[in-house]
Amino acid sequence: MSKKVVMANDHGAVELKEEVKTFLKGAGYEVCDLGVAAEEAADYPDQAEKASKEYLKGGYEFGIVMCGTGIGISMAANKMDGIRCALPQNLFAAEMSKVHNDANFISFGGRIVYGDSVVEMVKVFMESEYEGGRHARRVEKIMNLEN
Ligand code: RB5
């Protein structure tokens, strides 16, 4: 299994990105951080596009995108063919986004006050496995919407 993750964020999630990146590196992941760093304003669709294109080159386990709310950047990532970006609210949703939806991207908001820690949500996402089975038909239907 690949141990590479691609990340991108706008100015609304610089600190949160750093926190998650530190966690991932500690867990042995190679992180491709496409920015942005502090004080650089960025448009979240551009960041979503960069992360998606990098992920689609192959070799990445998953991608993480972040903006102020996680909403705009997840919307943009989901416009990219091949990306299934989840926006989990809590640990349960983070787990289900992998188990049922086979998400390959997750999104978070740097200005959101979460009840569960974002690092814990990333951890449960990484540790969960897609179940397939009855979910495979539904995920396939999602992907068919790209055509
Ligand atoms: C940028 O100010 C903000 O709109 C963005 O980070 C995000 O919250 C959009 O969904």
Side-chain angles (χ1 to χ4, degrees), residues 2-130 135 138-147:
S2 167
K3 294 281 273 181
K4 276 175 77 183
V5 175
V6 60
M7 297 185 82
N9 59 285
D10 76 358
H11 50 281
V14 176
E15 268 184 39
L16 183 61
K17 187 269 303 287
E18 289 301 334
E19 186 188 337
V20 172
K21 190 165 102 178
T22 300
F23 160 72
L24 288 168
K25 285 185 167 177
Y29 278 76
E30 188 185 321
V31 178
C32 172
D33 178 2
L34 298 172
V36 294
E39 307 304 324
E40 290 172 53
D43 290 341
Y44 57 82
D46 297 337
Q47 294 304 99
E49 184 182 6
K50 278 185 211 164
S52 303
K53 285 186 170 165
E54 181 61 28
Y55 174 84
L56 293 166
K57 286 180 188 168
Y60 290 92
E61 195 174 311
F62 63 101
I64 305 180
V65 285
M66 299 180 178
C67 62
T69 58
I71 296 170
I73 203 160
S74 62
M75 286 177 160
N78 277 314
K79 293 285 183 190
M80 301 291 291
D81 283 5
I83 302 299
R84 289 181 301 282
C85 184
L87 177 59
Q89 319 83 316
N90 54 31
L91 285 170
F92 175 69
E95 181 183 353
M96 288 303 110
S97 72
K98 176 69 80 60
V99 175
H100 285 186
N101 311 116
D102 197 22
N104 51 18
F105 263 50
I106 40 173
S107 179
F108 298 99
R111 297 174 183 154
I112 298 291
V113 179
Y114 289 100
D116 292 329
S117 109
V118 169
V119 163
E120 289 300 318
M121 286 193 259
V122 171
K123 194 162 179 271
V124 79
F125 178 83
M126 284 160 42
E127 289 169 354
S128 300
E129 280 189 29
Y130 175 48
H135 305 293
R138 296 160 185 163
V139 171
E140 198 182 317
K141 285 186 177 185
I142 295 175
M143 301 322 285
N144 287 341
L145 294 172
E146 289 178 353
N147 302 318

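FYI, the numbering just counts along the sequence from 1. Order of listing sets the numbers, starting from 1, for every ligand and every atom in it.
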Does Met75 have a heavy atom less than 4.0 Å from any atom of ligand 1?
no
Can a donor-acceptor pair be found, under 3.5 Å and without considering hydrogens, that links the side chain of Asp10 to the backbone of Gly12?
yes
Any idea which atoms of ligand 1 are less than 4.0 Å away from a heavy-atom of His11?
1 (C), 2 (O)
If you scan protein heavy atoms around atom 8 (O) of ligand 1, the nearest is Thr69 N, 3.0 Å
Can you see which heavy atom on Val5 is nearest to which on Leu24, and at what distance?
CG1-CD1, 4.0 Å
Using a strict cut-off of less than 4.0 Å between a Lys/Arg side-chain nitrogen and an Asp/Glu carboxylate oxygen, indicate whether Glu49 and Lys53 qualify as a salt bridge.
yes
Among all protein non-hydrogen atoms, which one is nearest to atom 4 (O) of ligand 1, and what is the separation to 0.1 Å?
Tyr44 CE2, 4.2 Å
Which residue owns the protein heavy atom closest to atom 10 (O) of ligand 1, what's the atom, and how far is it?
Gly72 N, 2.9 Å
Tell me, which protein residue and heavy-atom name are nearest atom 7 (C) of ligand 1, and how many Å apart are they?
Cys67 SG, 3.3 Å
Tell me, do Val20 and Met7 make a side-chain contact under 4.5 Å, heavy atoms counted?
yes
Compare every heavy atom of Gln47 with every heavy atom of Leu34, then report the nearest pair and how far apart it is.
O-NE2, 3.4 Å
So which heavy atom in the protein is nearest atom 5 (C) of ligand 1, and how far is it from that ligand atom?
Asp10 OD2, 3.2 Å
Minimum heavy-atom separation for Met126 and Tyr29, please, with both atom names.
CE-CE1, 3.4 Å
Per-atom contacts of ligand 1 with Gly68, taking only distances under 4.0 Å to non-hydrogen atoms
5 (C), 6 (O), 7 (C), 8 (O)
